[in-house]
There are 2 protein chains.
Amino acid sequence: MNRKPAFDAEDSATDAAARAGWLYYVGRLTQDQIAAELGVSRQRAQRLVSKAMSEGLIHVRLEHRIARCLALEAALKQRHGLRMVRVAPSPGPGADPTHGLAPVAAEVMERFLRQPDPLIIALGTGRALRATVEELPKMTCEQHKLVSLVGNIAPDGTASNYDVIMRMADTVRAPHYPMPLPVIIDDEEIRRMFYSLPQLKIVARLADQADVTFVGVGHMSESAPIYVDGFISDRDLREQRALGAVGEIVTSCFDAEGRYIEEGLARRVGGLRAGGKPCGEVIGIAAGPDKVVPLRAALKGGLLNGLVTGEDTAEALLESPE
Amino acid sequence: MNRKPAFDAEDSATDAAARAGWLYYVGRLTQDQIAAELGVSRQRAQRLVSKAMSEGLIHVRLEHRIARCLALEAALKQRHGLRMVRVAPSPGPGADPTHGLAPVAAEVMERFLRQPDPLIIALGTGRALRATVEELPKMTCEQHKLVSLVGNIAPDGTASNYDVIMRMADTVRAPHYPMPLPVIIDDEEIRRMFYSLPQLKIVARLADQADVTFVGVGHMSESAPIYVDGFISDRDLREQRALGAVGEIVTSCFDAEGRYIEEGLARRVGGLRAGGKPCGEVIGIAAGPDKVVPLRAALKGGLLNGLVTGEDTAEALLESPE
DNA sequence: TGGTTGAGTGAGCATATGCCCGCCAGATGG
DNA sequence: CCATCTGGCGGGCATATGCTCACTCAACCA
C-alpha cells in the first residue's frame, strides 16, 4: 500500500492548490513564502495558486453597497457593447430615483475636463444634464471647447431654462459655443436661413467633431419633459408617438428599435444630433422608471456608447429578454 | 452647490476603493489598467486597491472542503505557538476518525525525507505512526539517520509490532538505529546495564540531536493502547493515573498540564523522551476523541511543537477555553 | 496674513509575479 | 526492448506591485 493510483492524485493536487490559494489570498503570503511553507519550488507554488484560481476554489466578493452597481455596469457594458457605464447606487425606495445620479455623472464629466489635451465636448439639455453640471467643481479648462447641440431659445423667446452650456462654461471656464437658434423652428425657410449663418456653421462643425457628447434621454409619455416644458406641442407629441417614438435625445425622437424618426418633427428641430463623430463618446445620463423604455431603445439602436444611470434603472434595463 | 464637504468625501473615497478593488480582484485587471479605467495615476490605483483590502471590502473565501482544516491549522498554530500543524479533513461521521490522517502525516514526513542535507529523524511508536510509515513512497534517503526512541523488545520477548523504524528504513532506504532494549525494564540494575552499552549510547546521542521527531500520543484510559498491548501492567496504568497521567508519548506519561511524571513507571521505561534537541521539531501524530485530552495536555506543556491531527480533533482542541 | 501642519501625490526602486522555454521522467506504442 | 511522446518542473526574464521619500496644496491656527 504505497502511492495511491491516479484517481486521488487529482484530489491531492487540488488540495495542495487549495492550500496554496488559501495561504496566498487569505494568509496574504508571497509565493516564495508559500513555497517554503509547502516545501516546493516557487514555480510550483505559483502554479498551485493559479490552479486554485482557475478551478474556482477562490471566491472573491466585494462587501460594499456599490458591488451590485459594479456588476450591473459590467453587464450593461457587455450586453450593449458600451465603452463606459456608471451606475449610481439606488437612493432607496420612495426617494427620487435620479437622486445621486448627478454626482456620479459629474465625476465622469470631470474626468474628461481634467484631460490636458483639448477636447470638444458637446452637450444636450435636460434636467439630468443640468443637475450634473451643477455638481461640477470650479475649475479652469481653457483647452476644451463646449458645444451645444440644441437651440437655446425657447418657444416663448426666453433663453431655455435647461440650457446647460452657459452654466457649465461658467463653472469650468471653458470657451463655449451655444447654438443661437430656437429649439423648434416651424418655418422651413427660416430654419434653412439659421443653418446658413456662418457662426452656426462653426458650431455645427465643432459638434460634428465632438470627442465626447453628454445627453439626457427623454421619454415620450404624456408627462414627457419636452412636451410639459412647451418645446413641442400636443400635436407633435401625438404625431411622434404615432410614428413609434419612445424617446428623444436632444429633441430627436427615436422608435423602440433606436432608429431616429425622420418624419414630422425631425424637420423642424433646431439643433443637431448626438454622435456626429463616429469615434466620439456619446454618453447618456438618465435614470428613473420612465427612462427604461427610451434607454433600452437608444441602447438597442446604438445611439449611445456610454451610459450613466441608476441602480434600479440598470436592473430594469437588464431584465428585458434578449 | 459645488464640492460636497468632507462628510461624503470619505464615502466617495471608499466608493472609489471599492471600484478599484472590484476591478482588481473580480475583474482581474492590473493596477495600470485600473488606473486607466478610473483615470487616475497607477499609484492612486494601488492605494485604492490597498484601501479596499484594508477596509475589509474584499472578502476572499476558499470553496473547498479543506478550507476549514486550514483555518483550524492556523488557529492551533497560533494558540499553542506551534511551528507546523496539519489538519486532515474529517472522514465523515461514523467513520474511523483516524482515517485520512496517515497520508497527511506521510506527506509531512516525506517533506523532511526529501531534504538533501542529512537529518536525524527520531521516531516513536504507535498505530498512527505505523500507519503513516506505510503511506510513505519508496525512496532513497541514505543521507538521513532514523533513530528509534523506544525499545523494540516487547514484554513477551518478540520484537514489537509497532516498532516502526524497521519498516520505515525499509521503505525509504535510510540508515537506522533501533533501540535494542525492552520497552519496559523492571530491574533497575539491568536497565542501567542496558544504558551503558556502547551502541545504545550512540543511539541515545543521536536521538538527543534529532532534527525532527515523530511521535504518537497515547491516552491513559482503560483502553490505552500502551496497556491493551501489554507494554504496561494494570498496576502501572492505575499508578500513573493516580499520579495524574492523562497521556503518554513514547511511554513517558504526563499530566493534564503536560508535565512528565517522574515517579513510578518513568524509572522503568526503556527508551528516551521526545524532544532532546531544543531546536528540533517534535511532531505529534494523533487523532480521535480519545486523543483530545492527552493532546491538549501535551500542547499545554509544550511537549510538542508540531501536530498532525484530524478535523474533528482539531475542533475539539480549540473548543477548550483559555 | 503668514506660518505650520498634515494628508495626499507622483517618482523611483526593490521585490514579487507570471510566463516562456528547454529539460527530464514516466507513459505509450512499435 | 527501445524510440517517441506528453506533461510537469525549474531557470530566467519581462512586467506588475508595493513601498518609501520628497513634495504640494490646502486647511488651520496664531
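Throughout, protein chains are lettered first and strands after them, A, B, ... in sequence-line order, and every chain is numbered starting at 1. Source: prediction; values computed, not measured.
Taking both residues in full, the closest heavy atoms of B/Val108 and B/Arg86 are given as CG2-CG, 3.6 Å, listed atom of the first, atom of the second, then distance.
Residue-level contact check: A/Gln31 touches the backbone only, with heavy atoms under 4.0 Å from sugar-phosphate atoms and none from bases.
At C/dT17, none of the side-chain N or O atoms of A/Gln46 fall inside 4.0 Å of OP1 or OP2 (strictly under the cut-off). Taking 4.0 angstrom as the limit, B/Tyr24 places none of its side-chain polar atoms (N or O) nearer than this to OP1 or OP2 of D/dA16.
Per the geometry, CD belonging to A/Gln33 stands 14 Å off P belonging to C/dT15, to the nearest Å. Nucleotide D/dT17 holds its P atom 19 Å from the CG atom of A/Leu29, rounded to whole Å. The CD1-C1' distance, from A/Ile34 to C/dT15, rounds to 15 Å in whole Å. Rounded to an integer number of Å, the gap from B/Asp32 CG to C/dT17 C1' is 14 Å. Rounded to an integer number of Å, the gap from CE of B/Met139 to P of C/dA25 is 16 Å. A/Arg28 has its CZ atom 12 Å from the C1' atom of D/dT17, to the nearest Å.
A salt bridge links A/Arg167 and A/Glu134; the closest N-O separation between the charged side-chain nitrogens and carboxylate oxygens is under 4.0 Å. Electrostatic pairing of A/Glu107 and A/Arg111 does not count as a salt bridge here, judged by no charged N lying under 4.0 Å from a carboxylate O.
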Name the pairs: protein N/O against N/O of nucleotides 6-10 of chain C, kept only if under 3.5 Å.
{"residue": "C/dT9", "atom": "OP2", "partner": "B/Arg44", "partner atom": "NH1", "Å": "3.1"}
{"residue": "C/dG10", "atom": "OP2", "partner": "B/Ser41", "partner atom": "OG", "Å": "2.7"}
{"residue": "C/dG10", "atom": "O6", "partner": "B/Arg47", "partner atom": "NH2", "Å": "2.9"}

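Counting only distance, with no hydrogens or angles, the side chain of B/Glu73 and the backbone of B/Arg68 share no donor-acceptor pair below 3.5 Å. Using a distance-only test at 3.5 Å, with no hydrogens or angles considered, no donor-acceptor pair links the side chain of B/Gln46 to the main chain of B/Ser41.
At a cut-off of 3.5 Å, with distance as the only test, no side-chain donor of B/Thr30 or B/Asp32 sits close to an acceptor on the other residue.
Atom CZ of B/Arg173 has 12 or fewer neighbouring heavy atoms from other residues, nucleotides or ligands inside a 6.0 Å radius.
How far CG of B/Leu113 is from SG of B/Cys141: 4.5 Å, rounded to the nearest 0.5 Å.
Between its two ends, the helix from C/dT1-D/dA30 to C/dG30-D/dC1 turns its axis by 20°, counting five pairs per end and rounding to 10 degrees.
In this model, a side-chain donor or acceptor of B/Arg42 finds a partner on the base of D/dG18 within 3.5 Å.
Contact check for B/Leu307 versus B/Leu317: side-chain heavy atoms found under the 4.5 Å cut-off.
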